[in-house]
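Here is the structure we will look at, set down as structure tokens.
Residue numbering restarts at 1 for every chain, and letters A, B, ... go by the order of the sequence lines.
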Protein chains: 2
Amino acid sequence: MDTADRTPTGVPGSGRRRSRAGIRSQTASMADVARLAGVSSQTVSRVSNGYAGVTEETRQQVLAAMKELGYRPNSAARALKRGEFRTIGVITFSLSTTGNVRTLEAIANSAAHEGYAVTLLPVAVPTQDEVRGAFSRLEELAVDAVIVIMEVHLLDAATIALPPHVQVVVVDSDAGDRYTVVDTDQAGGSHAAVRHLLDLGHATVWHLGGPDGSFAAQRRADAWHAALIEADRTPPPLVRGDWSAESGYRAGLVLADHEDCTAVFAANDQMALGLLRALHERGRRVPEDVSVIGFDDIPEAGSFLPPLTTLHQDFAEVGRLCVENVLRKMRHEGAERGTTLVPTRLVVRESTAPPPSLAQGLCRK
Amino acid sequence: MDTADRTPTGVPGSGRRRSRAGIRSQTASMADVARLAGVSSQTVSRVSNGYAGVTEETRQQVLAAMKELGYRPNSAARALKRGEFRTIGVITFSLSTTGNVRTLEAIANSAAHEGYAVTLLPVAVPTQDEVRGAFSRLEELAVDAVIVIMEVHLLDAATIALPPHVQVVVVDSDAGDRYTVVDTDQAGGSHAAVRHLLDLGHATVWHLGGPDGSFAAQRRADAWHAALIEADRTPPPLVRGDWSAESGYRAGLVLADHEDCTAVFAANDQMALGLLRALHERGRRVPEDVSVIGFDDIPEAGSFLPPLTTLHQDFAEVGRLCVENVLRKMRHEGAERGTTLVPTRLVVRESTAPPPSLAQGLCRK
DNA sequence: CCGCGCGATGTTTACGTAAACATCTCCTCG
DNA sequence: CGAGGAGATGTTTACGTAAACATCGCGCGG
């Protein structure tokens with residue numbers, strides 16, 4: 001009623017809008033569309049949201065007006081009115097590890113499928129302070145829920161800063177009692193890796209583990225150890241890397257000097273790659289002299305020298321479950337507190353074989 | 001004035017808020033804080049935004065009230081009022097290629113540094129329809145600007161659907177005249193790769209190119225060709241892969257049979273990896289018999305067998321420039337239409353050497 | 001033939017914030 | 001000692017949308 005006399009012709013976005021502070025300008029609002037279509041803005045809203053109770057004829061008129069003005073619903077106003085943003089925040093360290101990236105991708109796809117967008121919150125340095133900082137930024141971010149790809153021990157200090165209404169799902173962590181956790185079945189996969197090598201006839205299995213402080217690394221190492229104990233084997237000393245191929249190479253130089261080392265379970269494929277190079281340089285053939293198994297099944301694993309036997313992680317499923325769980329929690333449909341595990345799959349390629357002793361035995365027959 | 005008699009005690013979020021439709025509930029608003037602190041909501045706003053003109057004493061009272069109520073500014077309302085979301089949208093195909101991921105990461109970091117969040121919009125299948133779909137979703141998304149990591153020819157059909165006020169910056173494309181483009185200097189890098197091999201004494205250089213339809217692949221192939229012509233060499237036929245290590249392997253099996261092939265420039269490191277495996281299988285030593293150079297310098301490149309000579313891409317810089325450009329366009333500070341190129345850097349490792357003929361010559365001396 | 005009811009549409013209001021403007025209180029200076 | 005002004009704070013309003021409520025007109029049954 002007040003705009004009518006100011007802009008009698010109904011030209012949208014004229015005058016007052018131009019002087020606005022914001023960066024977005026000249027956007028047609030519902031009122032503009034309504035004026036052009038000769039209906040009320042509420043009717044425009046109904047059309048925009050696909051509600052029933054609008055004549056087909058009116059609907060077409062409104063749609064035409066929308067098109068002419070290039071109308072786009074203002075999501076800020078929508079979010080304000082509806083009280084939700086239809087956006088999920090994802091907090092992660094760098095995207096330098098395969099697992100994080102693949103999980104993120106799966107989350108984004110699942111979220112898109114549910115009509116949710118994904119907002120990325122990178123944390124440069126994985127210290128508690130940094131994480132807390134990320135969370136406090138997230139607090140005033142347009143986000144309905146949060147998925148954290150992170151160790152829980154880093155998360156703990158940060159969650160206190162989280163507004164209570166924001167639901168959280170965590171990947172790559174324990175603490176299933178306090179949070180809803182989705183993760184790859186690290187233990188099951190590691191157990192399968194060790195079993196595979198033992199079944200080939202190896203006396204024991206060495207482990208090239210991930211960095212101290214990584215939950216995934218810890219679980220894989222623990223399960224490796226347990227599987228050996230279970231099979232009455234003596235666990236060799238644990239060798240640690242930092243997930244990188246370079247660290248795998250360095251560890252490999254050490255392992256290559258152990259004559260009795262015939263089988264190595266690397267905690268990820270990148271380290272296995274470096275390991276392969278070190279063994280090659282030291283003249284130890286894979287798999288004839290040493291068997292190597294990885295974890296992750298990165299796309300390149302099949303092209304290593306030799307093609308790497310490894311444990312395939314179903315990141316797509318992990319991502320899907322994250323989104324499913326977090327949305328369910330948001331909707332208060334049975335918040336699944338606890339850990340959901342996604343199984344791994346053993347992919348046998350050419351980097352594993354029976355140990356030299358057995359192979360020789362076979363040859364002599 | 002109307003809420004005062006309804007909730008005389010000033011308990012925040014009581015009654016009316018609970019019945020709201022949205023999922024977020026029980027959040028304290030400025031009015032709640034204002035009531036508790038005994039000031040006006042405008043003063044709360046001033047404190048919240050760090051404006052001057054508030055007594056230190058008042059400020060502390062307000063901060064205390066905020067803390068007590070767990071007040072978090074409502075970003076939807078903020079965005080509505082301010083007309084901006086402080087969010088940048090990123091559209092990309094899958095996150096399966098190194099380049100896209102690293103660029104995304106750099107964008108996220110740069111954006112965070114500027115106080116912007118990044119919203120991810122994955123496009124499952126890179127068809128024009130899919131892209132258009134992603135854009136139309138993006139339109140009603142809370143986004144001030146868009147960075148597209150995509151071929152322009154896929155983008156073209158989609159941009160028509162973009163609201164005119166949303167600025168776009170493109171990576172991995174030509175068409176610098178129509179869009180603001182930031183990209184790695186594909187041509188310069190490829191030229192350097194070819195020159196490196198020619199300088200080592202190779203008669204010519206084969207090229208294992210990326211898939212048809214990829215702009216980056218096209219530019220690298222073109223520059224490879226041009227560099228050979230420039231040096232008066234005969235370009236061998238182009239061999240194509242699809243960026244994957246597996247395709248590099250298949251191509252490598254073919255190349256291994258060409259006796260005269262002593263130097264290969266692979267359009268990315270993954271294909272180089274597969275290529276290395278194929279050459280190894282066929283008994284052609286790298287670099288003694290065949291030199292291989294890659295492109296990207298993925299973290300694992302130094303751990304290949306042998307460590308891969310490659311062209312390092314500065315993704316961090318690409319991401320930074322994307323954010324810088326898109327923000328500058330948003331603020332109408334000289335929209336740099338045109339292409340900004342980020343130089344590559346040759347990283348010489350162990351996969352390149354003089355050709356067998358020369359090496360023999362050296363030995364005989 | 002009249003009123004009831006239902007479907008289509010219009011009007012009012014509130015979401016939470018922040019700009020613009022209004023007011024109020026001191027303190028300074030002539 | 002009073003006018004002027006600067007700084008602190010309060011009040012009004014609008015951002016664009018959508019729920020809730022109001023109204024209007026038309027068809028159908030009593």
Quickly work out the [X] [atom1] to [N] [atom2] distance and round it to whole Å.
X	N	atom1	atom2	value
Asp32(B)	dT17(C)	CG	C1'	13 Å
Met30(A)	dC15(D)	CE	C1'	14 Å
Gln42(B)	dG16(C)	CD	P	16 Å
Glu56(A)	dA8(C)	CD	C1'	14 Å
Arg35(A)	dT17(D)	CZ	P	12 Å
Lys81(B)	dT12(D)	NZ	P	16 Å
Arg59(B)	dT9(D)	CZ	P	12 Å
Arg82(A)	dG16(C)	CZ	C1'	17 Å

Of the listed nucleotides ([options]), which one gets closest to any side-chain atom of [X]?
X	options	result
Ala77(B)	dT17(C), dA19(C), dT11(D)	dT17(C)
Ser29(A)	dG10(C), dT17(D), dA18(C)	dT17(D)
Thr55(B)	dA18(C), dA18(D), dA8(D)	dA8(D)

Categorize [X] for me: base, sugar-phosphate, or nothing, with a 4.0 angstrom heavy-atom threshold over every strand shown.
X	answer
Ser45(B)	base
Thr58(A)	sugar-phosphate
Val44(A)	nothing

Using OP1 and OP2 only, check whether a side-chain N or O of [X] sits under 4.0 Å from [N].
X	N	answer
Arg78(B)	dA18(C)	yes
Asn74(A)	dC15(D)	no
Tyr51(A)	dA8(C)	no
Tyr71(B)	dT17(C)	yes

Are any side-chain N or O atoms of [X] and backbone N or O atoms of [Y], one a donor and one an acceptor, separated by less than 3.5 Å?
X	Y	answer
Asp144(A)	Thr87(A)	yes
Thr55(B)	Glu57(B)	no
Asn49(A)	Arg46(A)	no

### Query
Is Arg86(B) salt-bridged to Glu84(B), going by a charged N under 4.0 Å from an acidic O?
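Judged by the 4.0 Å cut-off on N to carboxylate O distance, Arg86(B) and Glu84(B) do form a salt bridge.
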#### Entry: Most 5' of Ser41(A) and Gly53(A) on DNA chain C, judged by nearest nucleotide
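Whichever sits nearer the 5' end wins; that is Gly53(A).
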### Task
Mark yes or no for a side-chain to base donor-acceptor pair under 3.5 Å between Arg72(B) and dG16(C), with no hydrogen or angle criteria applied.
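Side chain to base: no pair below 3.5 Å.
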### Query
Of all heavy-atom pairs between Gly89(A) and Val143(A), which one has the smallest distance, and what is that distance?
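Closest pair (atom of Gly89(A), atom of Val143(A), distance): N-CG1, 3.6 Å.
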